[in-house]
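Notes follow the structure.
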Amino acid sequence: MAAPAEAAPAGYLLPRHVGPWSLDDVMSLPEDNSQRIELVDGMLLVSPLGSYRHQQLVGRAYGALVGACPVDLEATIELNVLLSSGRLVIPDFTVVRPREAGVMFPVSDVVLVGEVFSPSTRLNDEGLKRGLYAGAGVPYYLMVDPGGRVVEATLLELQGEEYVEIATSEDGVLKVERPFPVTIKF
């Protein structure tokens with residue numbers, strides 16, 4: 001697999017490409033800190049980095065998760081998660097079983113993924129990614145929706161092949177017991 005290239009110049013555009021994208025193609029792109037590039041079945045999902053509010057909510061979730069993680073788990077931000085040979089996603093935050101890994105982290109050691117919705121990612125986060133995470137066997141999916149008057153957060157647990165809602169926030173506060181007890185104040 002090709003190593004990531006140097007940082008892309010300002011105004012970088014994706015190179016011309018014919019046919020489906022592969023993991024090697026994506027990993028050989030120049031690093032671009034202005035956008036997130038994910039791969040699903042040969043298609044790129046390209047989205048801008050989140051707004052200040054988006055990053056603020058990611059930080060609050062991450063901070064609470066770091067403080068509550070048991071010793072055998074670890075919280076991370078924007079981890080490259082390899083779902084399968086043609087699927088690479090970058091959740092806003094994750095909880096994983098720590099292990100040695102390269103640029104791509106195997107989904108088999110991911111316990112929880114979290115996405116903060118934004119106008120450019122809402123449809124993918126609510127639909128496509130929810131299905132991908134369930135299909136890959138990720139036990140918990142935390143969805144954070146800043147769109148209303150108060151931030152709404154919902155924790156889903158994989159039961160069989162589908163996610164089931166097990167906790168929702170009240171007045172911007174999410175309290176959960178699984179996969180471990182934590183309170184997140186958005």
From CA spacing to verdict: side chain to side chain contact (heavy atoms under 4.5 Å, CB included), V138, L158: CA-CA 7 Å; V138 176; L158 191 61; over 6 Å; no

Assigning hydrophobic clusters by single linkage (Ile, Leu, Val, Met, Phe, Trp, Tyr; side-chain heavy-atom cutoff under 4.5 Å), is V40 placed with L83? yes

Given side chain to side chain contact (heavy atoms under 4.5 Å, CB included), test L155 with L112 step by step and report yes or no. CA-CA 10 Å; L155 180 64; L112 177 147; 4.0 Å; yes

Would you call D41 and R87 a salt bridge, taking side-chain N to carboxylate O under 4.0 Å as the test? yes

Trace of the side chain to side chain contact (heavy atoms under 4.5 Å, CB included) decision for L39 with L44: CA-CA 5 Å; L39 176 67; L44 295 184; 4.1 Å; yes

Taking everything shown except E170 itself, do over 12 heavy atoms lie less than 6.0 Å from its CD? no

Between S169 and E152, which heavy-atom pair has the shortest distance, and what is it? OG-CA, 3.4 Å

Heavy-atom closest pair (A64 atom, I184 atom, distance to 0.1 Å) is CB-CG1, 3.7 Å

Holding to side chain to side chain donor-acceptor pair (under 3.5 Å), I want the full list of residues that pass it with R36, two or more places apart in sequence or in another chain. E78, D92

Answer with yes or no whether the side chains of N124 and T121 bring together a donor and an acceptor at under 3.5 Å. no

Check this for me: E161, atom CD, are more than 12 non-hydrogen atoms of other residues, nucleotides or ligands nearer than 6.0 Å? no

Please check if V66 and V144 belong to a single hydrophobic cluster, counting links between Ile, Leu, Val, Met, Phe, Trp and Tyr side chain heavy atoms closer than 4.5 Å. yes

L174 and T168: which non-hydrogen atoms are nearest, and at how many Å? CD1-C, 3.6 Å

Work out which heavy atom in Y163 is nearest to a heavy atom in P139; give both atom names and the distance. CE2-O, 4.0 Å

Could you measure the distance from the CG atom of D109 to the OG1 atom of T94? Nearest 0.5 Å is fine. 11.0 Å

Quick one: CD1 on I90 to CG on N80, what's the gap to the nearest 0.5 Å? 4.5 Å

Heavy-atom pair with the smallest gap, counting every atom of D171 and V150: C-CG1, 3.6 Å

Just how far is it from atom NZ of K129 to atom CE of M143, taken to the nearest 0.5 Å? 13.0 Å

Nearest heavy-atom contact between F105 and R97 is CZ-O, 3.5 Å

Treat each ILVMFWY residue as a node, draw an edge where side-chain heavy atoms are under 4.5 Å apart, and state whether V113 and L156 are in one component. yes

Would you say CD of Q55 has more than 12 non-hydrogen atoms from neighbouring residues, nucleotides or ligands within 6.0 angstrom? yes

Sequence neighbours left out, what passes ring-ring contact (aromatic ring centres under 6.0 Å, His included) with Y133? Give chain and number order. Y141

Nearest 0.5 Å, what's the NE2-CG distance between H54 and L49? 9.0 Å

Holding to salt bridge (Lys or Arg N to Asp or Glu O under 4.0 Å), I want the full list of residues that pass it with E157, two or more places apart in sequence or in another chain. R178

Passes side chain to side chain contact (heavy atoms under 4.5 Å, CB included), M104 versus L23? Steps please. CA-CA 10 Å; M104 294 179 279; L23 282 173; 4.0 Å; yes

Starting at CG of L132, measure out to CD of E38 and round the result to the nearest 0.5 Å. 9.5 Å

Please check if V96 and Y62 belong to a single hydrophobic cluster, counting links between Ile, Leu, Val, Met, Phe, Trp and Tyr side chain heavy atoms closer than 4.5 Å. no

Indicate if I166 and L142 have the same hydrophobic cluster label, given that clusters are the connected sets of ILVMFWY residues with side-chain heavy-atom separations under 4.5 angstrom. yes

Contact between W21 and L29 at the side-chain level, heavy atoms closer than 4.5 Å - yes or no? yes

Output for pair (R60 CZ, F93 CZ), nearest 0.5 Å, gives 13.0 Å

